[in-house]
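Shown next, in structure tokens, is the structure this report addresses.
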Amino acid sequence: QQQVKQSPQSLIVQKGGISIINCAYENTAFDYFPWYQQFPGKGPALLIAIRPDVSEKKEGRFTISFNKSAKQFSLHIMDSQPGDSATYFCAASAETSGSRLTFGEGTQLTVNP
Amino acid sequence: DVKVTQSSRYLVKRTGEKVFLECVQDMDHENMFWYRQDPGLGLRLIYFSYDVKMKEKGDIPEGYSVSREKKERFSLILESASTNQTSMYLCASRRVAGGYEQYFGPGTRLTVT
């Protein structure tokens, strides 16, 4: 059972455009929602994370939007660059689960020059 | 600088062989994790370890075992490799006082023929 559903599976965006990746979760005990970025040949690395007490968090061109009532959160990449081309994973964790992360299926983002 | 290393980047084994995947972290992290990454399925947790000699099953432990005799080293063991264990294996570590962030190694691409 996939507790965190991610879409789309792949995304192609033109340079300068906005990339949007969406995730939905089921477990209301989740209290931490990170996004990881993975480049080819590398392991995933934390990009940005949010807790449910805020609805939005922004770091540079990357923004997480969080909707607690809908149990959804999304990653927005503004002014997308070719260097942003990577696989993005959303994830969720609950304090009660001992820091285990549950990951979404992943989104392969390609930003064309 | 945070560093998680995995013993091999690529590994080819035959069906029925016993396979050892090694992971070492140099950050004195208490928690360590083994995931497998498959296209369209994201990262799935195989086993994790809270501390030395402690282990707990993840979501897909069948066919795998683990060993953690020293804090810095976490081994994943495939007792009798099968073709459906062909995958990318990722190791991660986490410092308990450092929040939920997990630090990943570069991965081992295992092919079982």
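Just so it is clear, the values below take in all heavy atoms, side chains as well, and ignore hydrogens, waters and symmetry mates. To find a chain, count down the sequence lines: A is the first, B the second, and so on, and within it residues start at 1. All values reported here derive from a predicted model rather than from experimental measurement.
To the nearest 0.5 Å, the span separating OH on A:Tyr88 from OG on A:Ser19 amounts to 7.5 Å. The CH2 atom of A:Trp35 sits 11.0 Å away from atom CZ of A:Phe89, with the distance rounded to the nearest 0.5 Å.
Residue contact with chain B, scored on non-hydrogen atoms closer than 4.5 Å, is absent for A:Gln108. At a 4.5 Å heavy-atom cutoff, the contact between B:Asp59 and chain A is made by backbone and side-chain atoms alike. If you measure heavy-atom distances from B:Gln37 to chain A, the contacts under 4.5 Å come from the side chain alone.
No path of Ile, Leu, Val, Met, Phe, Trp and Tyr side chains, each step under 4.5 Å between heavy atoms, connects B:Ile46 with B:Tyr50, placing them in separate hydrophobic clusters. Put simply, B:Val66 and A:Leu101 are part of two different groups of oily side chains (I, L, V, M, F, W, Y) that touch within less than 4.5 Å, one to the next. A continuous path of hydrophobic side-chain contacts links A:Phe30 to A:Ile21 [ILVMFWY only; heavy atoms under 4.5 Å].
Classified by interplanar angle (parallel below 30°, tilted 30° to 60°, perpendicular above 60°), the ring pair B:Phe33/B:Tyr35 is parallel. Between A:Phe103 and B:Phe104, the ring planes lie perpendicular to each other; the angle is over 60°, past the 30° to 60° tilted range.
Between B:Glu30 and B:Arg94 there is no salt bridge, since none of the side-chain N atoms of the basic residue sits less than 4.0 Å from a carboxylate O of the acidic one. With salt bridges taken as basic N to acidic carboxylate O contacts below 4.0 Å, one links B:Lys53 and B:Glu69.
Between A:Thr102 and A:Gln3, the closest heavy-atom pair is CG2-CB, 4.0 Å. When all heavy atoms are compared, the tightest approach of B:Gly105 to B:Leu90 is O-CD2, 3.7 Å. Considering every non-hydrogen atom in both B:Ile77 and B:Ser67, the closest pair reads CD1-CB, 4.4 Å.
Residue B:Ser93 forms a side-chain contact (heavy atoms from CB on, under 4.5 Å) with just one option from B:Val24, B:Asn31, B:Val4, and that option is B:Val4.
Of the residues considered (B:Gly107, B:Gly58, B:Pro39, B:Gly40), B:Gly40 shows the highest number of contacts with chain A, using heavy-atom pairs under 4.5 Å.
Within residues 43-57 of chain A, the residues approaching chain B closer than 4.5 Å by heavy atoms are, in numerical order, A:Gly43, A:Pro44, A:Leu46, A:Arg51. Within residues 80-88 of chain B, no residue has a heavy atom under 4.5 Å from a heavy atom of chain A. Close approach to chain B, defined as a heavy atom under 4.5 Å from one of its heavy atoms, is seen in no residue of residues 61-87 of chain A.
Put simply, the side chain of B:Glu22 reaches to within 4.5 Å of the side chain of B:Arg73, judged on heavy atoms.
Under the salt bridge (Lys or Arg N to Asp or Glu O under 4.0 Å) criterion, no residue pair touches residues 97-113 of chain B, with sequence neighbours excluded.
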